[in-house]
J.: 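Attaching a single structure in C-alpha cells format; questions to follow.
Naming: A, B, ... by sequence-line order, numbering from 1 per chain.
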Amino acid sequence: MRQSSVLLVGLAIAGVVAPLSGLYPLFLMKCLAFALFAAAFNFFTGYVGLLSIGHAAFFGMGAYVTGHAAKIWGFPTELALATSLGAGAVLGLVIGGMAIRRQGIYFAMITLAMAQMIYFFCVQAPFTGAEDGLQRIPRGTLLGVFDLGNDMALYGVVLVLALAAVWALQRIMEAPFGHVLLAIRDNEARAISLGYDVKSYKLAAFVLSAAVAGLAGGLKALTLGLASLPDVHWTQSGAVILMCLLGGLGTPLGPIIGAILVVTLEGKLASMGAVQIGPLAIDFSTKVPIVIGLIFMCCVLLFRKGIVGEFIAAVERQSAQRRNGRPA
Amino acid sequence: MLDRNASALALDSATAAARADTVLEARGLKKEFHGFVAVAGVDLSVRRGSIHALIGPNGAGKTTVFNLLTRFIAPTAGRINFEGEDITSELPAALARRGIVRSFQISAIFPHLSVHENIRIALQQRIVSPLRFWGGGEAVSKLEPRTSDVLEQFELENVAHLRAGELAYGQKRTLELATTVATDPKLMLLDEPTQGLGHEDVDRITDLIKRVAAGRTVLMVEHNMRMVARIADRISVLRRGEKIAEGSYDEVSVDPQVVEAYLGSRARRREQTP
Ligand SMILES: Nc1ncnc2c1ncn2[C@@H]1O[C@H](COP(=O)(O)OP(=O)(O)O)[C@@H](O)[C@H]1O
Ligand SMILES: [Mg+2]
C-alpha cells in the first residue's frame with residue numbers, strides 16, 4: 001500500500017475517533033487547520049530543502065480572504081474557502097518568483113522580507129479591519145443545505161478538506177514530480193546536468209505549498225470566526241517552523257504531530273494562569289512565547305530530526321543491526 | 001564581384017563540411033575569477049564520434065573548461081558552438097536537453113535515492129515537467145524495462161535497491177556513468193571518471209566508457225595516462241589555462257612543452273614533500 005493511502009486511512013480513523021473520545025470539535029478544528037499549515041510548510045521546506053520564513057503571509061492572507069469573501073461579499077462557504085487556496089497560490093507565485101533564484105539564507109531572508117511587507121500591508125489595508133481584524137465571520141452552509149453553525153457539522157467539513165489536502169501533498173511526493181524534488185534536494189547540480197529546470201520545479205513546489213497554507217488559513221478563519229493580524233505576523237511563520245522541527249521535518253506525519261502538540265500546549269499554557277513555584281508566581285498565560293522558545297531550543301539541541309524523524313532513524317538503526325547481525 | 005562570391009561560397013562549403021564533423025567547437029574561451037585567469041582563451045574542436053581527452057596538471061583549468069562548456073559558469077569571453085548552433089548563452093538544463101550531459105569530478109549521484117531511482121530520474125526527464133505535478137506514474141512505469149537494461153548493462157542489478165550513498169566508491173562512479181548514459185546524450189563530458197579508483201576498477205570503467213562511447217562523442221578530463229593512451233583518439237593539453245598541445249597520444253607525449261609541464265609539476269611536488 002502507498003504511504004499516502006496509509007496516511008489517509010490512519011488520519012481518518014484518528015479524525016473520527018477524536019471527537020467521540022470527548023475532545024472539543026473547536027479544539028480539534030484548530031488542530032486540523034494548523035496541521036494542514038504545517039504539512040504545507042513541510043511540503044516545501046522539508047522536501048525542497050529551502051527555508052521559508054514567510055509562510056505566515058499565505059496563512060494570514062488565506063484567513064483574511066476567506067473571512068472577507070464570506071462576511072462582506074457573502075460568498076458561499078465552499079467558494080470562500082476556494083478563494084483562500086487561490087490567494088495562497090497567487091501570493092506564492094509572486095513571493096516565490098522573487099526568492100527562488102536565491103540559495104540558503106538569502107532565500108530565507110527574501111521570504112521574510114516579503115512576508116513583512118504583506119504584514120504591513122494588512123495593518124494599513126481597509127479590508128482587514130486593522131487591529132480588530134475580521135470578527136464574527138459567518139460559517140454559512142455546505143452546498144446551501146447543511147448548516148455549519150453546528151460545531152460537529154463544521155468539523156466534518158474541515159476534517160475532509162484537511163485530509164484531502166494532506167493526502168494530495170503526499171501523493172504528489174510519490175509521483176514523478178516528487179521524485180524530482182527529492183533528487184534536487186539531494187544534488188541540485190546533478191539534477192540540472194540531467195536536464196531538469198530546477199528553478200521551475202522549486203517554484204511549482206513553492207506555489208503548491210503556499211496554496212495549501214492559504215487554505216489552512218481559510219479553515220482557521222472559518223473555524224474561529226476570526227482573521228486578524230497575528231495570523232500574518234512573522235511569529236506565525238516561526239510557529240510553523242517549530243511545529244515541523246518538533247514533529248520531524250521532511251517526514252509525512254511529523255508536521256501533523258508537531259502541530260497538534262504545539263496547539264495543545266498553547267491551549268494548556270493559556271488556561272493555566274498564575275502558578276506558584278517556590279517564591280515565584282509565574283503567569284504562564286503570558287509566557288507562551290518563552291515556553292515555546294525553550295522547546296524550540298531543546299528540539300534543536302537534543303533531537304534534531306524531530307519526534308517522527310528520530311523514531312524512523314531508530315527503526316532504521318535496528319534493522320541495520322539485524323542485517324549486520326551484530327549490535328552497534 | 002561574381003568571382004569573389006563564388007570563392008566565398010566554395011570556402012563556406014569547405015568549412016561547412018569540416019563543421020559537420022565537429023560536434024562541439026569553442027573559440028577563445030576565457031574565464032577570469034576576480035582577476036585570476038583560470039582559462040585564457042582556449043580553442044577546442046571535438047570531432048563527432050571521437051573520444052577526446054583533456055589533460056593537464058592540477059589547477060590547469062580543466063574543470064573550469066567543463067563548467068564553461070556546460071554553462072554552469074558564464075565565460076568572460078569566447079563563443080561555443082554545438083552542432084553548428086551558437087549555445088554560448090543557453091542555460092545548463094537546456095544544454096542537457098540538447099544532448100550535452102556532464103558528470104562531476106566530486107559526485108554526480110543522488111545519495112539518498114536508491115540506485116534504481118537514480119537511473120529512473122535520469123530516464124524520466126523527458127516525460128515530467130514542473131507543471132505536471134499530479135500523476136505521471138503510469139508514463140514513468142513504462143520506463144521500467146529501460147531502467148532494467150541500464151542496470152544490467154552496468155552490472156548494478158544486485159545493488160539496485162540500495163541507497164546510492166551506501167555503494168562502494170567504484171560502484172558510485174559506475175552509477176554516475178550509468179545515469180549519464182541513460183539520458184542518451186550526443187556528447188558526454190566526464191570529469192575524471194577514474195579518479196580515486198584502484199587498478200581493477202580503472203580497467204572496468206575504461207572498458208565501460210569505450211563501450212558506451214559507440215555512437216556518441218566523449219570529452220573527458222583524465223589523469224590516468226595509461227587509460228588515456230588506451231582509449232583517447234585525440235588529446236588536448238592544458239597548462240595554466242592555456243592549450244599547449246593537441247594531437248594523438250604519440251604526438252602529445254613527446255611534445256617538449258607537455259613533458260616539461262608534467263615533469264615540472266611532478267618535480268615541484270617532490271620538492272614540497274621532503
Ligand atoms: N569558482 C572559482 N573561483 C575562483 N577560482 C576558481 C574557481 N574555480 C576554479 N578556480 C581556480 O581556477 C584554477 C583552475 O581550476 P580547475 O579548473 O578546477 O583546475 P583542474 O580541473 O584543471 O584541476 C584553479 O587555480 C582554481 O583555484
Ligand atoms: Mg578538475
J.: Report the C-alpha distance between B:Gln124 and A:Val180 in whole Å, list the side-chain angles of each, state the deciding distance to 0.1 Å, and finish with yes or no for side chain to side chain contact (heavy atoms under 4.5 Å, CB included).
T.: CA-CA 9 Å; B:Gln124 74 176 24; A:Val180 175; 3.2 Å; yes
J.: Minimum heavy-atom separation for A:Ala175 and B:Gly135, please, with both atom names.
T.: CB-O, 3.6 Å
J.: In this structure, are over 12 heavy atoms from other groups packed under 6.0 Å from B:Glu155 atom CD?
T.: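 It does not: B:Glu155 CD has 12 such atoms or fewer within range.
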J.: Should A:Leu203 and B:Pro130 count as side-chain neighbours, where that means a heavy-atom distance under 4.5 Å?
T.: no
J.: Select one option (side chain, backbone, both, neither) describing which atoms of B:Thr183 are under 4.5 Å from chain A's heavy atoms.
T.: side chain
J.: Go through the atoms of B:Val140 and report whether side chain, backbone, both or neither lie under 4.5 Å from a heavy atom of chain A.
T.: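 For B:Val140, the side chain is the part near chain A, not the backbone.
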J.: Could you check which of B:Arg126, B:Arg102, B:Glu176 has the highest count of heavy-atom pairs closer than 4.5 Å to chain A?
T.: B:Arg102
J.: Should the heavy atoms of other residues, nucleotides or ligands under 6.0 Å from CZ of B:Phe72 be counted, would the total exceed 12?
T.: yes
J.: If you count heavy-atom pairs under 4.5 Å with chain A, which of B:Ile100, B:Asn118, B:Leu113 comes out on top?
T.: B:Leu113
J.: Quick check for you: among B:Ile109, B:Leu91, B:Leu95, which has the greatest number of heavy-atom pairs under 4.5 Å with chain A?
T.: B:Ile109
J.: Checking B:Arg132 against chain A: side chain, backbone, both or neither under 4.5 Å from a heavy atom?
T.: backbone
J.: Between atom CH2 of B:Trp134 and atom CZ of A:Arg171, what is the distance when rounded to the nearest 0.5 Å?
T.: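 Here the rounded value is 6.0 Å.
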J.: With chain A, which of B:Ala139, B:Ser103, B:Ser129 has the greatest number of heavy-atom pairs at distances under 4.5 Å?
T.: B:Ser129
J.: What residue in A:Ala204, A:Pro176, A:Ala168 has the most heavy-atom pairs under 4.5 Å with chain B?
T.: A:Pro176
J.: Name the region of B:Phe133, side chain, backbone, both or neither, that has any atom closer than 4.5 Å to a heavy atom of chain A.
T.: both
J.: Check whether more than 12 heavy atoms from other residues, nucleotides or ligands sit under 6.0 Å from atom CZ of B:Arg47, and answer yes or no.
T.: no
J.: Which bit of A:Leu208 is near chain B, if near means a heavy-atom gap under 4.5 Å: side chain, backbone, both or neither?
T.: side chain
J.: Of the listed residues (B:Leu131, B:Thr70, B:Thr179), which shares the most heavy-atom pairs with chain A below a 4.5 Å separation?
T.: B:Thr179
J.: Using heavy atoms and a sub-4.5 Å threshold, report which of residues 84-109 of chain A line up against chain B, by residue number.
T.: none
J.: What residues of residues 212-220 of chain B make heavy-atom contacts with chain A at a cutoff under 4.5 angstrom?
T.: none
J.: May I ask you to list the residues in residues 187-201 of chain A that approach chain B closer than 4.5 angstrom, counting heavy atoms only, ordered by number?
T.: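 Counting heavy atoms that sit under 4.5 Å from chain B, the residues of residues 187-201 of chain A involved are A:Asn187, A:Ala189, A:Arg190, A:Ala191, A:Ile192, A:Ser193, A:Leu194, A:Gly195, A:Tyr196, A:Asp197, A:Ser200, A:Tyr201.
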J.: Identify which part of B:Leu189 has an atom lying under 4.5 Å from any heavy atom of chain A, answering side chain, backbone, both or neither.
T.: neither
J.: Side chains of B:Glu117 and A:Leu182: closer than 4.5 Å at any heavy-atom pair?
T.: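 B:Glu117 vs A:Leu182: side chains apart.
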J.: Between B:Ile127, B:Val128, B:Ile121, who has the most heavy-atom pairs with chain A when the cutoff is under 4.5 Å?
T.: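 Heavy-atom pair counts peak at B:Ile121.
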J.: Holding to side-chain hydrogen bond (donor to acceptor under 3.5 Å, both in side chains), I want the full list of residues that pass it with B:Glu157, two or more places apart in sequence or in another chain.
T.: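 B:Glu157 satisfies side-chain hydrogen bond (donor to acceptor under 3.5 Å, both in side chains) with no residue once adjacent residues are dropped.
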